[in-house]
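Structure record follows, encoded as structure tokens.
Computed from a prediction, not measured in an experiment: that's the story for all the values here.
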Amino acid sequence: MATDYTSPVDEYKDIIILWSLRILIDLKGYTLMDISFGMYGSERALTAVGLEKLLDKYDEDNELSKKKFLKILKKQNDAYKEKEVLLEGVLFNNIEKLSKLIDLNPVEQRLLAFGVLLHSVRDLEGICDVLGDISAHSVVGVLGSILDLPSVDVRQALSTDSLLNKTGLLRLSRDDHTNLQYQLSVLDEISDVLLDEQDVDIMESLKRFFMPGKKASLSVADFAHISKDYAIVRDYVKASCSKKLQGSNVLIYGSSGTGKSELVRTLAADLGYSLYEVTTTDGDNDAILYQGRVDSYQLCQQVLKRKDDTIILFDEIEDVFIRDGSMERYGIRTSTDAKKGWFNMLLEENQITSIWVSNVISHIDEAILRRFDYVMELKTPPRQTRIKIITQHTTELDVSERWIKKISSNEDLAPGLIARAAKVVNQLELSEQKGIEESLERVISNTLHAMGYDKNLLQNANSPISYRPDILNADYDLLSLQEGIQEYGQGCFCLYGPSGTGKSEFARHLAEVLDKPLVLKRASDLLAPYVGMTEREIKNMFEQAMDEEGLLLLDEADSFLQDRTRARQSWEVTQVNELLTQMERFEGIFICSTNLMDNLDQASLRRFDLKIKFDYLKPEQGWELFKQVLIDYHSEVDDMVVWQKKITALRGLTPGDFATVVRQNRYSKKSLNADTLMMGLLREVEFKDKGHFKSIGFVY
């Protein structure tokens with residue numbers, strides 16, 4: 001039964017009257033009531049003590065003295081002393097059920113009952129208001145008088161290390177001066193649970209604070225890319241649960257959608273353990289503020305402390321450990337705040353093994369991070385795993401294997417994004433494969449854009465022309481290099497030369513030949529606005545390549561290989577140092593590409609096994625690529641000799657020029673043939689930066 005906020009609850013009327021009489025008599029609250037002009041304005045107080053009949057008897061013309069009022073109160077009090085007032089009813093029955101779960105003693109039970117009724121019955125609130133502001137020092141004595149409890153017991157029951165305080169069921173605000181209602185705070189929504197007349201299992205009622213974990217939708221095999229971390233976490237959780245270790249906590253963090261919560265559910269299913277999740281929303285589906293969620297977590301700990309083989313999942317903890325300081329919003333850790341002791345207690349006293357999940361941890365103090373037994377990052381899975389996840393979620397959608405492989409090249413494609421996109425497109429009931437694939441791409445790309453990632457899903461897509469490493473103008477035998485890497489399996493290489501000469505495409509080709517995922521990074525992916533963050537991104541780049549066992553390509557590498565002797569800022573030096581340090585440690589294949597070589601750090605260049613120059617195409621290479629493009633687009637040439645003469649007369653051509661012309665031609669109504677290709681190449685040559693590559697011998 002929902003409590004009427006405007007009148008006493010009939011079921012608890014006697015106990016409310018008894019408490020109210022103690023307020024007015026024992027605490028001399030009657031002396032604080034203004035009855036000099038009759039009983040007007042004292043309706044709520046009189047109703048609370050069962051003397052509402054005095055409202056009609058005394059008014060401005062028939063005043064009631066304080067002495068006579070006290071006499072009436074004492075008479076009412078004597079009547080209630082002779083009357084047996086029992087602590088019974090739905091509220092007390094439910095508190096007793098809760099007490100069996102978390103071991104509340106009789107003093108704690110009575111305090112909790114008073115707190116619930118104080119915040120639920122307006123007349124009890126009104127009679128307490130008679131006392132006015134109460135200091136934090138005297139509130140314990142006040143509660144002892146109202147509830148007929150020894151002050152020492154009340155003080156213990158409301159201390160900072162008490163069960164009521166730790167669970168958030170009832171705690172003192174400890175404000176200097178405020179009324180009794182605000183001195184006592186009650187856990188949000190616990191009143192609804194304890195005043196519920198339906199005879200339900202108390203565990204069922206507590207679902208608004210924590211609930212059985214959702215069923216796992218993934219298997220252990222889906223997390224093969226973190227098998228080492230998974231094995232450690234699994235064995236540790238198993239050991240901590242079996243030995244009932246206190247203060248066992250694991251932190252899992254990573255970008256949104258990488259499957260962190262699913263990992264915990266999979267772990268629980270793998271171990272055969274019960275999983276409980278702290279709720280993120282209240283009964284009205286509104287977000288619960290961090291203190292309410294921490295209280296729910298601590299209540300969950302107490303309720304489940306006797307259960308064996310149980311794990312607690314505390315998800316979305318971003319606001320739990322946040323500290324004061326304007327720089328926190330930028331992910332910059334500042335000095336530790338005064339709550340460190342409370343944080344430590346939170347991580348040291350839990351009896352049920354807990355797994356905490358967060359999208360970011362940059363705002364968490366290092367001292368707090370050290371309190372976690374194991375910290376692991378869950379990154380976006382490697383490409384082969386992404387292919388498997390995309391395939392799994394699109395079983396009911398008509399998508400091609402080619403599209404899956406193409407879309408999986410995006411390293412920001414987290415499992416959560418794939419699952420939600422498939423869910424949306426499934427509802428569209430599209431029949432054509434092209435429409436399905438385009439819709440999936442739009443859903444995913446829009447979400448990526450909102451998250452701050454590149455909206456272009458196909459950033460690593462293949463070139464629009466056939467890649468011919470045999471006709472690249474490099475000063476090293478690329479076929480020999482390819483065979484050497486296949487045999488040796490690692491190396492650091494710097495590819496330099498004019499833009500469009502095929503440096504990055506060679507890295508893509510090499511990754512395909514070696515059957516390795518390409519981990520492509522550009523300067524814009526790594527450069528960050530705050531000191532130290534770029535170095536961290538460089539480190540993460542190499543770690544990602546190691547995790548994915550991929551070929552790492554750093555495009556526009558000149559941003560990180562500048563001559564340190566010319567650096568004006570210290571961070572310019574530390575970025576180069578970090579790159580060199582990571583290069584030395586890296587045991588995979590690392591390729592840097594740059595258009596600039598003049599200002600590069602000579603010590604940095606010595607770290608590369610090979611430095612290979614890619615130059616403009618030789619005349620015969622330009623002709624070979626010209627023929628290849630026409631073959632790709634099914635166009636024939638009438639007079640090969642004439643066209644060969646025209647193409648070989650051009651200087652400064654690159655494979656990138658051919659790809660650009662093909663892309664440009666998509667926007668015209670003309671088919672790609674020798675004429676349109678030649679005209680496009682002429683335009684590209686004319687627009688070269690230095691402008692000195694021109695047609696030789698004739699003007700086409």
Evaluate the side-chain proximity of [Y] to [X]: yes if any heavy-atom separation is below 4.5 Å, no if none is.
X	Y	result
L552	M541	yes
L580	Q575	no
L245	T353	no
F493	I485	yes
F614	Y496	no
L378	I226	yes
K260	N359	yes

Using the side-chain contact (heavy atoms from CB on, under 4.5 Å) rule, take F223 and T266 through it: C-alpha gap first, then chi angles, then the decisive distance, then the call.
CA-CA 9 Å; F223 296 99; T266 301; 3.7 Å; yes
E549, CD: over 12 other non-hydrogen atoms inside 6.0 angstrom
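No - once you tally the heavy atoms of other residues, nucleotides and ligands closer than 6.0 Å, there are 12 at most.
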Counting only heavy atoms from other residues, nucleotides and ligands, does the tally under 6.0 Å from NZ of K244 exceed 12?
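Buried by this count: over 12 neighbours within 6.0 Å.
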Give me the atom names and distance for the closest heavy-atom approach of [X] to [Y].
X	Y	value
A545	V519	CA-CG2, 4.1 Å
D373	G247	OD2-O, 3.3 Å
F209	E189	CZ-C, 3.9 Å
Y230	L267	OH-CA, 3.7 Å
P464	R663	CD-NH1, 3.5 Å
I389	P415	CD1-CG, 3.7 Å

Salt bridge present between [X] and [Y] (N-O < 4.0 angstrom):
X	Y	answer
D555	K521	no
E437	K434	no
E584	R607	yes
R442	E438	no
E366	R370	no

Test item: [X] side-chain N/O and [Y] main-chain N/O as donor-acceptor pair under 3.5 Å:
X	Y	value
Y374	L251	no
R265	K215	no
R293	I317	no
T394	I390	yes
Q246	N350	no
D229	M376	no
D315	E277	no

What's the spacing between [X] [atom1] and [Y] [atom2] if we round to 0.5 Å?
X	Y	atom1	atom2	result
D470	L479	CG	CG	9.0 Å
L554	S593	CG	OG	7.0 Å
E537	L526	CD	CG	6.5 Å
I589	Q486	CD1	CD	9.0 Å
Y253	L369	OH	CG	8.5 Å
L481	L510	CG	CG	6.5 Å

Do E543 and K539 pass the salt bridge (Lys or Arg N to Asp or Glu O under 4.0 Å) test, and can you show the C-alpha distance, the side-chain angles, and the key distance before you say yes or no?
CA-CA 6 Å; E543 289 181 353; K539 179 175 179 289; 2.5 Å; yes
Can a side-chain donor-acceptor contact be found between [Y] and [X] if the only test is distance below 3.5 angstrom?
X	Y	result
E441	W403	yes
E578	Q582	yes
S274	T310	no
N540	K379	no
S248	Y236	yes
S354	Q301	yes

Please evaluate residues T380 and T258 with respect to the criterion side chain to side chain donor-acceptor pair (under 3.5 Å), reporting the C-alpha separation (whole Å), side-chain torsions for both, the decisive distance (0.1 Å), and the verdict.
CA-CA 5 Å; T380 303; T258 51; over 6 Å; no
Could you walk me through whether L313 and V278 pass side-chain contact (heavy atoms from CB on, under 4.5 Å), step by step?
CA-CA 6 Å; L313 167 59; V278 177; over 6 Å; no
Start with the C-alpha gap between Y273 and D308, add the side-chain angles, then the distance that decides, and say whether side chain to side chain donor-acceptor pair (under 3.5 Å) holds.
CA-CA 8 Å; Y273 287 178; D308 295 329; over 6 Å; no
Do D270 and K238 pass the salt bridge (Lys or Arg N to Asp or Glu O under 4.0 Å) test, and can you show the C-alpha distance, the side-chain angles, and the key distance before you say yes or no?
CA-CA 10 Å; D270 184 22; K238 184 177 181 180; over 6 Å; no
Please walk me through it: do T279 and R208 pass side-chain contact (heavy atoms from CB on, under 4.5 Å)?
CA-CA 7 Å; T279 55; R208 64 187 67 205; 5.9 Å; no
How are the rings of [X] and [Y] set to each other: parallel, tilted or perpendicular (split at 30° and 60°)?
X	Y	result
F542	F586	perpendicular
F608	F590	parallel
Y276	F210	perpendicular

Can you list the steps and then say if V250 with W356 is a side-chain contact (heavy atoms from CB on, under 4.5 Å)?
CA-CA 6 Å; V250 174; W356 307 66; over 6 Å; no
Run the salt bridge (Lys or Arg N to Asp or Glu O under 4.0 Å) check on K214 and E262 step by step: do they pass?
CA-CA 9 Å; K214 297 177 181 177; E262 278 300 322; over 6 Å; no
So if I apply the side chain to side chain contact (heavy atoms under 4.5 Å, CB included) rule between I436 and each of N426, L428, L397, which one comes out positive?
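Exactly one pass, corresponding to L397.
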For side chain to side chain donor-acceptor pair (under 3.5 Å), just list the numbers for Q628 and D632, CA-CA rounded to whole Å, side-chain angles, deciding distance to a tenth of an Å, and then say yes or no.
CA-CA 6 Å; Q628 181 63 58; D632 289 344; 3.0 Å; yes
Which is it for E535 and T574 under the side chain to side chain donor-acceptor pair (under 3.5 Å) test, yes or no, and what are the steps along the way?
CA-CA 7 Å; E535 289 85 341; T574 59; 2.5 Å; yes
